[in-house]
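The structure appears below as structure tokens.
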Amino acid sequence: MPADERRSRSRFLGPARRETVKSQRDPALWEPSQARIAGANVTAFARAAIREWGLKFNTYPEFYRWTVDQPEQFWPSLWQYAAVKAATRGERVLVHGERMPGAQWFPDSRLNFAENLLRRRDRADAMVFWGEDKVEQRLSHAQLYAAVSRLAQALRQAGVQSGDRVAGYLPNLPETMMAMLASASIGAIWSSCSPDFGVQGVLDRFGQIEPKVLFVADGYWYNGKAIDALARVAEIAHRLPTLKRVVVVPYLGASPDVSAVPNAQRLAEFVAPYTARDIEFAQLPFDHPLYIMYSSGTTGVPKCIVHGAGGTLLQHLKEHQLHTDVKPGDRLFYFTTCGWMMWNWLASGLASGATLLLYDGSPFIRRGAILFDFAEAEGMTQLGTSAKFIDAICKINLRPQATHNLIKLRTMLSTGSPLAPESFDYVYREIKADVCLSSISGGTDIVSCFVLGNPVLPVYRGEIQCRGLGLKVEVYDERGKPVCGEKGELVCTRPFPSMPIGFWNDPEGQRYHDAYFAKYPNVWCHGDYVELTERGGMIIYGRSDAVLNPGGVRIGTAEIYRQVEQLDEVLESLVIGQDWSKDVRVVLFVKLREGLKLDDALIDKIKNRIRANTTPRHVPAKVLQVEDIPRTKSGKIVELAVRNVVHGETVKNAEALANPEALQHFENRAELQN
């Protein structure tokens with residue numbers, strides 16, 4: 001590409017400076033056209049901010065710096081641009097902005113989260129649902145509003161008030177969204193987990209928050225099989241003494257028998273006495289509790305993380321409209337369960353006028369093509385999934401670009417674990433060449449992202465495009481000093497609206513402080529081992545608590561996974577550091593393709609691949625085969641749990657795992673005794 005064309009395509013608000021032009025040695029995999037940059041929400045927002053505040057910036061790096069250096073300009077501008085519905089915003093934007101934690105955002109505002117998501121009442125699609133290839137459902141904005149109205153009335157009649165907890169043990173159904181919105185309209189606090197959680201896993205979560213009402217389904221579909229949930233529901237309901245009502249959503253059958261569940265009603269019976277009317281949206285403070293979410297719980301009882309309504313709304317509006325370029329009428333999809341924060345993220349798409357495309361079940365129905373079937377059938381504009389799914393369909397040589405019409409797809413998102421450089425190649429080769437591939441990363445801790453995609457920036461192989469606007473994200477070295485081009489801890493050095501308002505049952509805030517602020521006072525330490533690149537992108541090398549340290553050299557686990565999982569023989573891998581001879585040695589476990597056995601030749605192939613593409617320090621001392629890799633309910637592998645097992649320590653909460661039986665493959669391995 002000629003240099004002049006490279007320069008023109010790098011423009012944000014005007015001619016690009018020389019340093020923004022990409023190097024010929026490191027070409028971008030994708031660059032937005034000038035028309036796409038000009039039409040992007042973030043461009044319109046930046047121009048409006050320039051006019052409003054008399055700003056002088058002209059490039060994206062300058063724009064980002066303004067968003068973090070001037071929070072009392074940026075966040076009100078976003079509020080106005082996104083047309084936040086509120087009884088009042090108030091004059092004050094940020095109080096105690098020097099405190100982390102302790103800052104207060106928009107302390108005089110009064111708003112309702114659900115009102116912002118239910119701003120449309122027309123006949124256009126609000127939600128389209130596919131339950132594998134078994135169930136399809138379509139709901140207009142008018143139908144959604146009416147359903148939420150009836151549910152909110154029923155909840156009030158059941159005694160639910162502002163601050164009460166309403167829980168969901170449900171698949172990713174439209175009714176799940178309705179229940180959350182009805183709860184939020186009252187000011188009740190919503191909390192959910194997916195129906196594949198076992199009884200103890202549910203009690204470990206909901207038992208802490210004492211819900212008044214529990215929404216459940218009679219069961220769910222997975223990989224073509226109907227899985228009944230009512231026996232588990234009955235046991236859960238018996239063991240949650242605060243429950244006043246259990247509301248059962250029919251999914252497997254039209255009229256499930258709920259007689260064994262205490263205080264149970266089917267959904268239709270629960271709302272039968274009520275007709276739709278205008279919803280009474282409670283106008284509440286900015287930091288009124290909206291969601292209770294949970295840490296993975298693999299090292300003990302899950303932490304209950306409380307998120308505020310205003311911070312969640314404003315952060316999601318920013319991420320959807322400015323980073324993901326969601327526009328009214330877009331068709332937004334993320335493959336998620338109700339136990340993962342991406343469900344909450346997806347729900348907020350309604351506030352930007354998008355149609356939510358909901359899927360529940362296995363993504364490998366129709367040999368992994370069903371999500372692309374959904375994308376083609378519904379004109380999907382944003383497709384979100386996990387890095388593991390992209391790797392899996394690459395390994396089975398799925399070629400959606402050749403088999404599906406994805407003309408409407410503008411953005412593809414990936415999270416859950418670092419997206420390997422080879423997966424970037426696969427997306428552009430086999431899914432779509434002209435798409436903004438947005439690898440994103442954040443967490444349940446902030447119900448959003450620290451680093452994301454961007455429709456006006458190039459996509460580089462193996463690199464997340466940018467830091468979140470308004471978030472002062474930096475990388476600290478081992479001395480606690482900011483670095484660029486070096487690996488270190490991901491930190492955020494200034495307050496942001498979607499910080500948790502606290503942990504449940506933590507009145508002094510000590511556990512909250514210890515979780516994020518103990519390492520660096522007044523600085524959020526997220527626990528990711530990362531590198532900030534010179535162009536402002538981010539590379540993630542894994543969780544910092546899982547970083548390997550052989551001979552005192554810090555190694556991110558993702559660096560090893562990226563090499564091993566390129567081999568055709570390897571389906572998945574997991575690496576830990578084993579304490580050995582007063583040091584640490586690297587141990588790699590591999591799950592191979594069916595029928596394959598790990599032999600000396602394959603071990604040598606794995607080690608040589610790692611040595612050639614990383615460093616000799618990365619090469620594992622041991623490579624062992626396992627039949628399965630343990631993971632959380634949201635699909636993340638659990639390195640720390642495996643490390644505990646290998647060292648003979650107890651895994652405190654195996655119930656939190658999707659497949660706890662996999663841990664037995666790591667116990668008492670004779671190969672690890674020498």
Side-chain angles (χ1 to χ4, degrees), residues 28-33 36-37 40-42 130 319-327 330-336 340 342-343 345-346 349 352 354-359 363-364 368-442 449 451-466 468 537-538 540 635:
L29 294 175
W30 176 84
E31 288 189 86
S33 67
R36 180 156 184 177
I37 294 172
N41 289 333
V42 68
W130 282 20
E319 294 190 351
H320 288 156
Q321 295 188 22
L322 305 189
H323 285 279
T324 315
D325 208 31
V326 174
K327 302 174 186 290
D330 273 357
R331 321 278 280 188
L332 176 65
F333 171 82
Y334 219 102
F335 176 69
T336 180
W340 192 21
M342 294 312 300
W343 179 86
W345 189 92
L346 174 63
S352 295
T355 298
L356 305 187
L357 303 182
L358 310 179
Y359 178 84
F364 295 104
I370 193 163
L371 300 189
F372 298 100
D373 295 344
F374 199 7
E376 179 175 359
E378 293 298 332
M380 193 180 289
T381 49
Q382 292 89 12
L383 189 163
T385 185
S386 67
K388 285 295 183 184
F389 175 76
I390 294 173
D391 180 64
I393 61 174
C394 175
K395 285 186 177 294
I396 62 173
N397 198 31
L398 201 69
R399 304 181 63 201
Q401 186 161 256
T403 56
H404 290 75
N405 180 353
L406 303 176
I407 190 169
K408 298 288 184 67
L409 185 66
R410 304 197 311 270
T411 302
M412 189 165 178
L413 301 104
S414 168
T415 193
S417 58
L419 187 65
E422 293 72 26
S423 292
F424 280 75
D425 299 337
Y426 167 75
V427 167
Y428 285 107
R429 184 179 69 247
E430 303 294 0
I431 296 181
K432 192 174 184 182
D434 184 19
V435 70
C436 182
L437 177 56
S438 297
S439 180
I440 64 178
S441 182
C449 301
V451 287
L452 307 99
N454 196 302
V456 302
L457 298 178
V459 173
Y460 292 94
R461 188 174 187 264
E463 187 174 322
I464 296 174
Q465 285 174 282
C466 66
M538 191 73 78
I540 298 184

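Only this structure's heavy atoms are used, side chains among them; waters, hydrogens and symmetry mates stay out.
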Could you tell me whether the side chain of [Y] reaches within less than 4.5 Å of the side chain of [X], counting heavy atoms only?
X      : Y      : result
Phe424 : Leu437 : yes
Leu356 : Tyr334 : no
Leu383 : Thr411 : no
Ile37  : Glu31  : no
Gln465 : Leu452 : no
Leu398 : Tyr426 : yes
Trp130 : Leu358 : no
Ile393 : Phe364 : yes

* CD1 of Ile431 to CG of Leu406: how many Å apart, nearest 0.5 Å? -> 8.5 Å
* Hey, could you give me the CD1/SG distance between Ile464 and Cys449, rounded to the nearest 0.5 Å? => 8.5 Å
* Donor-acceptor pair, side chain of Lys432 and main chain of Val427, under 3.5 angstrom ->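 Not a single qualifying donor-acceptor pair exists.
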Please find the pair of heavy atoms, one from [X] and one from [Y], that lie closest to each other, and give the distance.
X      : Y      : value
Pro32  : Pro458 : CD-N, 4.1 Å
Arg429 : Gln401 : O-NE2, 3.1 Å
Asp325 : Gln382 : O-NE2, 3.8 Å
Glu319 : Trp345 : OE1-NE1, 2.8 Å
Gly349 : Leu332 : CA-CD2, 3.8 Å

* So which pairs with a foot in residues 389-409 pass salt bridge (Lys or Arg N to Asp or Glu O under 4.0 Å), sequence neighbours left out? ->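 Salt bridge (Lys or Arg N to Asp or Glu O under 4.0 Å) check on residues 389-409 returns Arg399-Glu430.
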* Can you name the residues that form a side-chain contact (heavy atoms from CB on, under 4.5 Å) with Cys466, not counting sequence neighbours? ->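 With sequence neighbours excluded, Cys466 shows a side-chain contact (heavy atoms from CB on, under 4.5 Å) to Tyr60, His323, Asn454, Leu457, given in chain and number order.
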* Structure fact -> Residues passing the side chain to side chain donor-acceptor pair (under 3.5 Å) test with Trp340, sequence neighbours excluded, are none
* Asked: Got a salt bridge between Arg410 and Asp434, using NZ or NE/NH1/NH2 to carboxylate O under 4.0 Å?
  -> no
* To do: Please work out which of the three classes, parallel, tilted or perpendicular, describes the rings of Phe333 and Tyr359, given edges at 30° and 60°.
  => perpendicular
